[in-house]
Amino acid sequence: MEIKIDLTGEVCPVPLWRVQEELKKMQPGDKITVITDFSRSVRNIVDLAVRLKYEYDLEEISPGIWEVSVIKGMEK
């Protein structure tokens, strides 16, 4: 399953909360992609992925707009 959420205009902690809520519903191997224009959200989502040891990808798709993808891994 792949989920894509456009959260441009939303500031922290909303994007991080949305990612955390979606990850709870997802199975290992599922992917969530968030589009955001708030740089702190990017950092928070990447930090979450690192802490959970999930794969992630980050791309600035246009100036000041980022696409952050997280692939849910196996639960530890």
Side-chain angles (χ1 to χ4, degrees):
M1 177 172 75
E2 186 169 342
I3 300 167
K4 193 167 194 171
I5 305 173
D6 186 344
L7 295 173
T8 54
E10 296 284 349
V11 297
C12 273
V14 173
L16 179 61
W17 287 345
R18 289 287 304 273
V19 169
Q20 289 173 318
E21 287 304 308
E22 291 299 328
L23 283 171
K24 289 177 187 176
K25 302 179 221 172
M26 295 167 60
Q27 299 297 315
D30 290 349
K31 179 179 178 180
I32 182 168
T33 300
V34 175
I35 299 170
T36 183
D37 58 353
F38 192 64
S39 62
R40 187 66 226 171
S41 293
V42 172
R43 184 77 255 152
N44 288 343
I45 294 167
V46 168
D47 287 349
L48 174 68
V50 168
R51 188 172 73 248
L52 295 173
K53 297 183 175 146
Y54 292 170
E55 291 180 49
Y56 70 91
D57 186 50
L58 172 61
E59 181 180 352
E60 189 169 12
I61 56 176
S62 64
I65 307 287
W66 296 272
E67 190 173 85
V68 186
S69 297
V70 177
I71 299 173
K72 184 171 182 174
M74 299 298 291
E75 299 296 322
K76 304 287 183 206

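For K4 (side chain) and T33 (main-chain N/O), no donor-acceptor pair under 3.5 Å exists by modelled atom type. The main-chain N or O of I65 is never found under 3.5 Å from a side-chain atom of D37 such that the two would form a donor-acceptor pair.
To the nearest 0.5 Å, the span separating CD on E67 from CG on L58 amounts to 9.5 Å. Atom CD of residue E55 and atom OG of residue S69 lie 11.0 Å apart, to the nearest 0.5 angstrom. Taken to the nearest 0.5 Å, the NZ atom of K31 stands 4.5 Å off from the CD atom of E2.
Minimum heavy-atom separation, P28 to M74: CB-SD, 3.6 Å. Closest heavy-atom contact between P15 and S41: CG-OG, 3.3 Å. Contact between I71 and Y54 at its shortest, heavy atoms only, is O-CB, 3.2 Å. Minimum heavy-atom separation, M26 to K72: O-NZ, 2.9 Å.
Clustering ILVMFWY residues whenever any of their side-chain heavy atoms sit less than 4.5 angstrom apart, transitively, puts I61 in a cluster other than the one holding I45. Under the 4.5 Å side-chain contact rule for hydrophobic residues, L23 and W17 do not share a cluster. V11 and W66 are assigned to two separate hydrophobic clusters, defined by single-linkage of ILVMFWY side chains at heavy-atom distances under 4.5 Å.
Scored by the side-chain hydrogen bond (donor to acceptor under 3.5 Å, both in side chains) test, E10 finds no partners at all (sequence neighbours excluded).
Within the 4.5 Å cutoff, no side-chain heavy atoms of V14 are placed close to those of F38. Here the side chains of I3 and D30 are not in contact, with every heavy-atom distance at 4.5 Å or above.
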Evaluate salt bridge (Lys or Arg N to Asp or Glu O under 4.0 Å) for D47 paired with R43, printing each intermediate quantity in order.
CA-CA 6 Å; D47 287 349; R43 184 77 255 152; 3.0 Å; yes

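With salt bridges taken as basic N to acidic carboxylate O contacts below 4.0 Å, none links R18 and E21.
When each of V46, L48, L7, I35 is paired with V68, the side-chain contact (heavy atoms from CB on, under 4.5 Å) condition holds for V46 and for no other.
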